[in-house]
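Here the structure is a predicted model, which is why all the values come from computation and not from measurement. What you see below is based on every heavy atom in this structure, not just the backbone, and it leaves out hydrogens, waters and symmetry mates. Starting from 1, each residue takes its place in the sequence as its number.
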Amino acid sequence: LEELVFPVLGPALEALLGEAKKAKCFERKRTAFNALDYLTEFLYRNNHLKSEENRGDVAFEDIPFVAEEWQINPRPPLPLSLLLSETAAAIILQSAWRGYIVRKDPEIQELRQWQIEWRQTNADVRSKVDEFWKDTESGKLAKRSVSSRGSRVSSASRSDH
């Protein structure tokens, strides 16, 4: 055990602790950092028994046995709360709170109520405008066909004389 496992696992655990510290795992209850994924990737990249050149830049999901397992048992996506940085999460929370404060203002509520009533009374404006343009276009087409017939008749009567 001391000759085979510890020489390989010791540096992996040191690197794991360093990465966990970077991910602030010791400061928070929940993080996006997955220690088993990191350990698997580290051991795959640093396997001294396999001398493949491209192992140094392999992402976790590109490791062959991981990709094969994920095809059989896909992993659910991480919740948004784990993917956002503290700054991004703070911005989302602050904007939601500011929006709530603004919508709570009585003047804004009155404006929103007026908008609702206005939309209800003018709900069919779009259909009226569409109908107007349809009538206008069909009227123009009818006028064009009548005027083009008249011009044909007048030009034909001119050629006869």
Side-chain angles (χ1 to χ4, degrees), residues 15-45 52 54-161:
L16 172 72
L17 290 173
E19 197 65 31
K21 188 175 182 180
K22 283 183 198 174
K24 299 182 181 180
C25 291
F26 305 117
E27 299 171 16
R28 300 186 187 125
K29 285 185 177 181
R30 296 178 57 204
T31 64
F33 181 74
N34 188 329
L36 292 177
D37 289 355
Y38 181 82
L39 199 56
T40 303
E41 185 177 347
F42 183 88
L43 291 173
Y44 182 79
R45 285 182 178 179
E52 294 180 21
N54 61 352
R55 284 189 172 221
D57 58 349
V58 174
F60 179 72
E61 57 271 1
D62 295 333
I63 297 174
F65 61 86
V66 172
E68 182 181 316
E69 177 63 26
W70 281 5
Q71 283 186 349
I72 298 168
N73 302 311
R75 193 181 258 189
L78 287 174
L80 187 60
S81 62
L82 295 179
L83 296 176
L84 294 175
S85 67
E86 286 183 17
T87 306
I91 289 170
I92 290 172
L93 289 171
Q94 288 170 0
S95 65
W97 178 253
R98 288 179 182 143
Y100 167 74
I101 294 297
V102 167
R103 287 187 300 273
K104 193 174 96 168
D105 184 11
E107 290 180 6
I108 300 298
Q109 287 182 350
E110 183 181 335
L111 174 66
R112 293 179 75 200
Q113 186 60 39
W114 175 83
Q115 286 176 331
I116 291 169
E117 291 169 3
W118 187 86
R119 284 189 194 116
Q120 289 172 350
T121 58
N122 297 313
D124 60 341
V125 168
R126 181 179 295 270
S127 63
K128 287 180 183 177
V129 170
D130 290 342
E131 187 177 312
F132 168 78
W133 284 112
K134 185 189 277 184
D135 292 345
T136 305
E137 291 296 319
S138 64
K140 284 182 182 178
L141 292 175
K143 287 179 185 177
R144 284 184 190 164
S145 62
V146 169
S147 64
S148 64
R149 286 184 202 148
S151 63
R152 286 185 198 149
V153 170
S154 61
S155 63
S157 60
R158 284 185 207 149
S159 63
D160 288 341
H161 295 296

Might you point out which heavy atoms bring L78 and A32 nearest each other, and give the distance in Å? CD1-CB, 4.0 Å

Sequence neighbours excluded, every pair satisfying side-chain hydrogen bond (donor to acceptor under 3.5 Å, both in side chains) that has a member inside residues 78-95: R28-E86

Selection residues 59-75 - residue pairs positive for side-chain hydrogen bond (donor to acceptor under 3.5 Å, both in side chains), sequence neighbours left out: D37-R75, E69-N73

[X] side, atom [atom1]; [Y] side, atom [atom2] - distance, nearest 0.5 Å:
{"X": "K128", "Y": "R126", "atom1": "NZ", "atom2": "CZ", "value": "14.5 Å"}
{"X": "N34", "Y": "E19", "atom1": "CG", "atom2": "CD", "value": "12.0 Å"}
{"X": "E110", "Y": "Q113", "atom1": "CD", "atom2": "CD", "value": "9.5 Å"}
{"X": "D135", "Y": "D130", "atom1": "CG", "atom2": "CG", "value": "11.0 Å"}
{"X": "K29", "Y": "T31", "atom1": "NZ", "atom2": "OG1", "value": "13.5 Å"}

Student check: side-chain heavy atoms of [X] and [Y] closer than 4.5 Å:
{"X": "P64", "Y": "Y44", "result": "yes"}
{"X": "P79", "Y": "R30", "result": "yes"}
{"X": "R112", "Y": "I108", "result": "yes"}
{"X": "F60", "Y": "I63", "result": "yes"}
{"X": "V125", "Y": "N122", "result": "yes"}
{"X": "F65", "Y": "T40", "result": "yes"}

Not counting sequence neighbours, which residues clear ring-ring contact (aromatic ring centres under 6.0 Å, His included) with F33? List them please. Y38

Would one find more than 12 heavy atoms of other residues, nucleotides or ligands at under 6.0 Å from atom CD of Q115? yes

Could you tell me whether Y100 atom OH has more than 12 heavy atoms of other residues or ligands within 6.0 Å of it? no

Under 3.5 Å, side chain of R45 to main-chain N/O of V58, donor-acceptor pair present? yes

